Amino acid sequence: MTIRVVVADDQALVRRGFAMILRIHADIEVVAEAGTGLEAIEAARLQRPDVILMDIRMPEMDGLEATSRILQEADWPVRVLILTTFEPDEYVYEALRVGASAFVLKDIPPEQLAVAVRTVAEGGALLAPSITRRLIDQFAGRRVVSSAASGRVARLTDREREVVIAAARGASNSEIAEQLFIGAATVKSHVSSILAKLGLRDRIQIVIFAYESGLIEAGDHDVGH
């Protein structure tokens, strides 16, 4: 199955470079390029891609607003992978909050870009290793607990809450299985149930929900590497 991709970046050289790198791979098709947030929205509407590589800082409309609008309007399973030259700042957390599935720096090795696209297209979520710890430490702890998010916790079973907390502390499915003395397949089933019950897109949003609902607080556990 071919992965359809839109590349959105206001710098033509960067945009075309990413497109060229991805076109080398037989399973990836770059169906459109966009230089602004508005162009990204239009390309998404016309091409209905599987993955959008989205720059944050673009003219007319930034990548955060474009991501939010695309994901709100989309009636197909599109994923957004945020690309930026900037080290972690407030944009990282906001990008993930509006529904981005991945966040990587633009200096990512070319061979890893295709891997990131495939991971996101398959429903996975990822962050560059340099981002994970500071994302949680700098921003999650600053946010006031959301009453709406905390109210949704009641939808979960006790076991599902344990899975959410473990995921927010950085545990993989196999690590969660070991911690809770259950099978890895059971953990995967719980994660799917959590996503459905809470209306979340992926594992990253489970982590964000854990902090915004008050299930876990920043700094209470070592996160990342």
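Quick note: numbers below take in every heavy atom, side chains included, and nothing from hydrogens, waters or symmetry partners. Source: prediction; values computed, not measured. Along the sequence shown, residues are numbered consecutively beginning with 1.
When all heavy atoms are compared, the tightest approach of Gly35 to Pro59 is O-CD, 3.9 Å. Scanning both residues, Ala19 and Val30, for their nearest heavy atoms gives O-CG2, 3.8 Å. Closest approach of Ala95 to Ile82, counting heavy atoms only: CB-CG1, 3.9 Å. The minimum heavy-atom distance linking Ile176 with Ala167 is given by the pair CD1-N, 4.0 Å. The nearest pair of heavy atoms linking Ala40 to Ala8 is CB-CB, 3.9 Å. Contact detail for Thr2 and Ala26: the closest heavy-atom pair is OG1-O, 4.4 Å.
Using a 4.5 Å cut-off on side-chain heavy atoms (C-beta onward), Phe18 and Val117 make no contact. Within the 4.5 Å cutoff, the side chain of Val115 has no heavy atoms near those of the Glu111 side chain. Between Leu180 and Val187, every side-chain heavy-atom pair lies at or beyond the 4.5 Å cut-off. Side-chain contact between Val98 and Leu71 is absent, with no heavy atoms from C-beta onward closer than 4.5 Å. Put simply, the side chain of Glu39 does not reach to within 4.5 Å of the side chain of Met58, judged on heavy atoms. By the 4.5 Å heavy-atom criterion applied to side chains, Ile182 and His190 are counted as neighbours. Residues Asp75 and Arg48 form a side-chain contact, since some pair of their non-hydrogen atoms from C-beta on lies under 4.5 Å apart.
At most 12 non-hydrogen atoms from other residues, nucleotides or ligands lie less than 6.0 angstrom from CD of Glu178. Atom NZ of Lys188 has 12 or fewer neighbouring heavy atoms from other residues, nucleotides or ligands inside a 6.0 Å radius.
With hydrogens and angles ignored, the 3.5 Å screen pairs no side-chain donor or acceptor of Ser189 with any backbone N or O of Ala185. A donor-acceptor pair under 3.5 Å is formed between the side chain of Asp50 and the backbone N or O of Arg4. Under the 3.5 Å distance criterion, the side-chain polar atoms of Glu65 are left unmatched by any main-chain donor or acceptor of Met61.
Atom CD1 in Ile3 sits 5.0 Å away from atom CG in Asp27 (nearest 0.5 Å). Atoms CG and CZ, on Leu53 and Arg79 in that order, are 14.5 Å from each other to the nearest 0.5 Å. Distance check, rounded to the nearest 0.5 Å: CD1 of Ile206 to CG of Leu200 gives 6.0 Å. Taking OG1 of Thr67 as the reference point, atom CD of Gln72 lies at 11.0 Å (rounded to 0.5 Å). The distance from atom OG1 of Thr36 to atom CG of Asp62, rounded to the nearest 0.5 Å, is 11.0 Å. Here the CD atom belonging to Glu122 is positioned 10.0 Å from the CE atom belonging to Met1, to the nearest 0.5 angstrom.
Of the charged side-chain nitrogens involved, none lies within less than 4.0 Å of a carboxylate oxygen, so that Glu160 and Arg155 do not count as a salt-bridged pair.
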For Asp55 and Val14, what are the C-alpha separation, side-chain angles and deciding distance, and is it a side chain to side chain contact (heavy atoms under 4.5 Å, CB included)?
-> CA-CA 10 Å; Asp55 187 23; Val14 173; over 6 Å; no
Working for side chain to side chain contact (heavy atoms under 4.5 Å, CB included), residues Glu162 and Gln179 | CA-CA 10 Å; Glu162 291 176 332; Gln179 291 172 20; over 6 Å; no
Evaluate the criterion side chain to side chain contact (heavy atoms under 4.5 Å, CB included) for residue pair Leu156 and Val163; output intermediate values, then yes/no.
-> CA-CA 10 Å; Leu156 305 176; Val163 171; over 6 Å; no
Apply side chain to side chain contact (heavy atoms under 4.5 Å, CB included) to the pair Lys197 and Thr157, showing each step before the final yes or no.
-> CA-CA 10 Å; Lys197 287 183 177 181; Thr157 65; 3.8 Å; yes
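Under the 4.5 Å side-chain heavy-atom criterion for Ile, Leu, Val, Met, Phe, Trp and Tyr, Leu13 and Ile108 are members of distinct hydrophobic clusters.
Listed by first and then second residue, the salt bridge (charged side-chain N to carboxylate O under 4.0 Å, His left out) pairs involving residues 7-18 are Asp9-Lys106, Arg15-Glu33 (not counting sequence neighbours).
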